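Right, one structure below, let's go through it.
Residue numbers start from 1 in every chain, and the chains themselves are labelled A, B, ... in the order their sequence lines are given, proteins ahead of strands. This is a predicted model, so every value here is computed, not measured.
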Amino acid sequence: MAEKITKREIDYSKWYLDIIKVADLAEHSDVKGCMVIKPYGFAIWEKIKDQLDKMFKETGHQNAYFPIFVPKSLFEAEEKNAEGFAKECAVVTHHRLMNDPENPGKLKVDPAAKLTEELVVRPTSEAIIWSTYKKWIQSYRDLPILINQWANVVRWEMRTRLFLRTAEFLWQEGHTAHATKAEAIEETEKMNNVYATFTQDFMAMPVIQGLKTESERFAGADETYCIEAMMQDGKALQAGTSHFLGQNFAKAFDVKFANKEGQQDYVWATSWGVSTRLMGALIMTHSDDLGLVLPPKLAPIHVAIVPIYREDSQLEEIQEKLKSTIDELRAKGITVKFDDDNNRKPGWKFAEYEAKGVPVRLAIGPRDLEAGNIEVARRDTQEKQTISIESCADHVVALLDEIQDNLHKRALDFREKNIQKIDSYEDFKSKIDGGGFFLAHWDGTAETEEKVKQETKATIRCLPLDGEKEEGKCMVTGAPSKQRVIFAKAY
RNA sequence: CGGGGUGUAGCGUAGCCCGGUUAUCGCGCGUCGUUUGGGACGACGAGGUCGCAGGUUCGAAUCCUGCCACCCCGACCA
């Protein structure tokens, strides 16, 4: 029978895992905390990747690749960054295995193959990249350097969840070098904007752009910009970050350049990244109790066609009748799957495409054929309607756009309903467990931030960039505040 | 890493407390036939290191110890 999905209201966390299972996106691997991304899940990631890659190229970046291993001495050069990541680093200490004389057929680490210097498996690549940039940069004429890499990184997390936090994950990391502070800040903001545009226009996921507080900032950054999204349980998910690194890495790796006046100066840096965590964000933004819901722009299959027939001749007739419609759709760049698998009944296929979030399903059987009609079902609202085969292609093209817009609107409405201004800490404490974003005044101190975190588990997600500059008093201490910040529980 | 829970065929499970033949059932899988408008039905069939490793016992899925994995809650995490 049907694979069951735990309802969101019963157990949101279980629902999330069920969606990944029924939609066949990923599964746990034999390595603790690591996942296998399955073909359908990877197809979605590839769509994300292809679009972002295009946007990076359009903003002047080039791809390159740096090694997965970072010599420990390089890794520790930028102290804050190294400290920040030290607790979650995998370290390579040996380079060879040998037969274990005490356990025939088994292998053991060859003690004679100990590395003279340990290699850190990158949790991020600033160190190896800045040690390389040092060799590339002599003059302002060598700047800016605008590079991105698609890579895997490893962070030895204590507690993992598929896509949201895994020990190894896929991401892109942009690393840029600039001659001036202003230019680096501009780059940092530009890429955060690229992320916001991408998540909103392609993932149909509204985000709030903001700045991280010092305690939430990337280790080694002077400023961290972020995009924060609200999941359906009201919790916040950091979907992307863009860091202004100041001259921290330039100083740590001694990367100087000669400016136009011939003086030596340290290079200004940025780094920015999004990861397979976006897959988790995508799932938790749109999906429902029936399965995954995908925005058309990221759906590996846009339209699934389910023919209903008894005889092979009827199947052929259906194929013949739909040929021009399918050709027309494909010519418009729409991915169509005509499912003529005779081992599955239509009902099974309906449920399957629903679980996988295919935006539009077409069904056509003898009755439709006779009337020249076809049934169109949209995944986002579950609505079905019957239209003429002739109008089908145009209808579907328009419908896909409508679904894309509707998903974004629905997510935005949800967020607006669950975001509120709040001025009383008592009020805040009584409401925070219900989820949602809270716009509150904050006195700007790490102490207050920590107190709220200890007492409520909520953190400051960001200082919204477009927040009105409203004077007020900190909801906790009553000290003066220049703008409201977003408090929420986060993933 | 601390507390709790779970682990029996690809998936979900019964059996475990109270040890005793060939380990239960459903889904899925294979063959054949009938079917096909919301996860079809019948017949036959295949599929198991009972998470792993020790121990107790004449005998262990069942009792004991250790370990591993996953889930939940903490801690931790840009």
Side-chain angles (χ1 to χ4, degrees), chain A residues 1-6 11-18 21-22 24 27-35 80-81 83-89 123-124 126 153 155-162 164-167 169 171 173 211-221 223-226 228 237-243 245 271-275 277 290-291 306-312 314-315 318 339-355 361-371 373-375 377 382 384 386 453-454 457 459-462 490-491:
Chain A
M1 276 308 274
E3 292 181 86
K4 60 200 180 312
I5 299 171
T6 306
D11 186 340
Y12 191 81
S13 179
K14 197 154 191 303
W15 165 82
Y16 172 76
L17 293 166
D18 285 346
K21 192 186 290 178
V22 299
D24 212 22
E27 63 187 39
H28 289 284
S29 71
D30 291 334
V31 189
K32 182 178 168 68
C34 294
M35 65 178 163
K80 279 189 180 160
N81 185 255
E83 269 180 44
F85 285 106
K87 291 187 295 294
E88 45 191 309
C89 286
T124 180
E126 275 80 3
V153 287
R155 295 178 189 179
W156 216 264
E157 303 286 355
M158 286 178 179
R159 198 170 153 193
T160 57
R161 302 184 74 188
L162 292 176
L164 294 177
R165 177 171 284 118
T166 47
F169 57 91
W171 78 343
E173 45 181 326
L211 283 170
K212 286 294 185 188
T213 62
E214 188 174 358
S215 59
E216 296 277 332
R217 203 174 283 160
F218 175 73
E223 201 73 85
T224 289
Y225 291 69
C226 64
E228 293 282 331
L237 184 86
Q238 178 177 297
T241 48
S242 183
H243 315 290
L245 301 174
S271 69
W272 27 275
V274 296
S275 70
R277 179 177 239 208
L290 296 171
V306 178
I308 296 153
Y309 59 97
R310 291 168 198 272
E311 322 276 331
D312 282 352
Q314 290 174 313
L315 174 60
I318 290 169
D339 190 348
D340 58 357
D341 182 350
N342 196 32
N343 292 316
R344 305 283 189 209
K345 291 186 68 178
W348 192 94
K349 295 176 185 175
F350 292 172
E352 177 71 3
Y353 292 122
E354 226 156 55
R361 183 192 72 226
L362 302 176
I364 181 166
R367 290 206 299 269
D368 295 306
L369 213 50
E370 203 167 320
N373 289 337
I374 190 162
E375 183 192 80
Q382 301 293 307
K384 289 191 246 188
T386 301
K453 185 177 175 182
Q454 289 303 322
K457 309 273 163 55
T459 49
I460 296 176
R461 301 320 304 154
C462 69
Y491 276 97

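- Using a 4.0 Å heavy-atom cutoff across all strands shown, A:R277 reaches no nucleic acid atom at all.
- Every stem involving RNA chain B, taken as at least 3 paired positions in a row under the Watson-Crick or G-U wobble test at 3.5 Å, is listed here: B:1-7 with B:68-74, B:10-12 with B:25-27, B:29-34 with B:40-45, B:51-55 with B:63-67.
- Annotation: ring pair (Phe, Tyr, Trp, His ring centres under 6.0 Å) contacts of A:Y16 (sequence neighbours excluded): none.
- One can place CH2 of A:W348 at 15 Å from P of B:G37, the figure rounded to the nearest angstrom.
- Distance NZ (A:K453) to P (B:C76): 6 Å, rounded to an integer number of Å.
- The base of B:G37 has none of its N or O atoms less than 3.5 Å from a complementary donor or acceptor on the side chain of A:R310.
- A:K14 places none of its side-chain heavy atoms less than 4.5 Å from the side chain of A:I5.
- A:R217 comes within contact range of the sugar-phosphate backbone alone, with a heavy-atom separation under 4.0 Å but no base atom that close.
- For the salt bridge (Lys or Arg N to Asp or Glu O under 4.0 Å) test, no residue two or more places apart in sequence or in another chain qualifies with A:R277.
- No engagement by A:D11 is indicated, since no non-hydrogen atom pair under 4.0 Å with the nucleic acid exists.
- In terms of heavy-atom proximity, A:I308 sits nearest to A:P366 at O-CD, 3.3 Å.
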Can you give me the N/O atom pairs linking the protein to nucleotides 48-50 of chain B at distances under 3.5 Å, or say none if there are none?
none

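- By the side chain to side chain contact (heavy atoms under 4.5 Å, CB included) test, A:Q382 is found to be paired with A:D288, A:L290, A:E354, A:R379, residues two or more places apart in sequence or in another chain being considered.
- When the side chain to side chain donor-acceptor pair (under 3.5 Å) test is applied to A:D339, the partners found at least two apart in sequence or on another chain are A:Y353.
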What N/O pairs connect the protein and nucleotides 68-70 of chain B at under 3.5 Å? Give each pair on its own line.
| from | atom 1 | to | atom 2 | distance (Å) |
| --- | --- | --- | --- | --- |
| B:C70 | OP1 | A:G33 | N | 3.3 |
| B:C70 | OP2 | A:K32 | NZ | 3.3 |
| B:C70 | O3' | A:H28 | NE2 | 3.4 |

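- Two residues, A:K212 and A:L17, neighbour RNA chain B, and the one matched to the more 5' nucleotide by heavy-atom proximity is A:L17.
- In this structure, A:E354 reaches the bases: a heavy-atom distance under 4.0 Å links it to at least one base atom across the strands shown.
- Not a single donor-acceptor contact under 3.5 angstrom links the side-chain atoms of A:R159 to the base of B:C77.
- The ring pair (Phe, Tyr, Trp, His ring centres under 6.0 Å) check on A:Y12 picks up A:W15, with sequence neighbours excluded.
- Rounded to an integer number of Å, the gap from NZ of A:K21 to P of B:C11 is 9 Å.
- For A:Y12 and B:C73, the OH to P distance is 13 Å, given to the nearest whole Å.
- Base engagement by A:K384 is indicated by at least one non-hydrogen atom pair under 4.0 Å involving a base atom.
- A:T6 and A:D11 are not linked by any side-chain donor-acceptor pair at a separation below 3.5 angstrom, with hydrogens and angles left out of the test.
- Each of A:F85 and A:P346 lies near RNA chain B, and the nucleotide nearest A:P346 is the one positioned closer to the 5' end.
- Under the rule for a side chain to side chain contact (heavy atoms under 4.5 Å, CB included), the partners of A:D368 that lie at least two apart in sequence or sit in another chain are A:I364, A:N373, A:T386.
- Every side chain to side chain contact (heavy atoms under 4.5 Å, CB included) that A:R217 has, sequence neighbours left out, goes to A:E214, A:A221, A:E223, A:T224.
- Contacts of A:D24 classified as salt bridge (Lys or Arg N to Asp or Glu O under 4.0 Å), with partners at least two apart in sequence or in another chain: A:K38.
- Every residue meeting the ring pair (Phe, Tyr, Trp, His ring centres under 6.0 Å) condition with A:W171, not counting sequence neighbours, appears here in chain and number order: A:F169.
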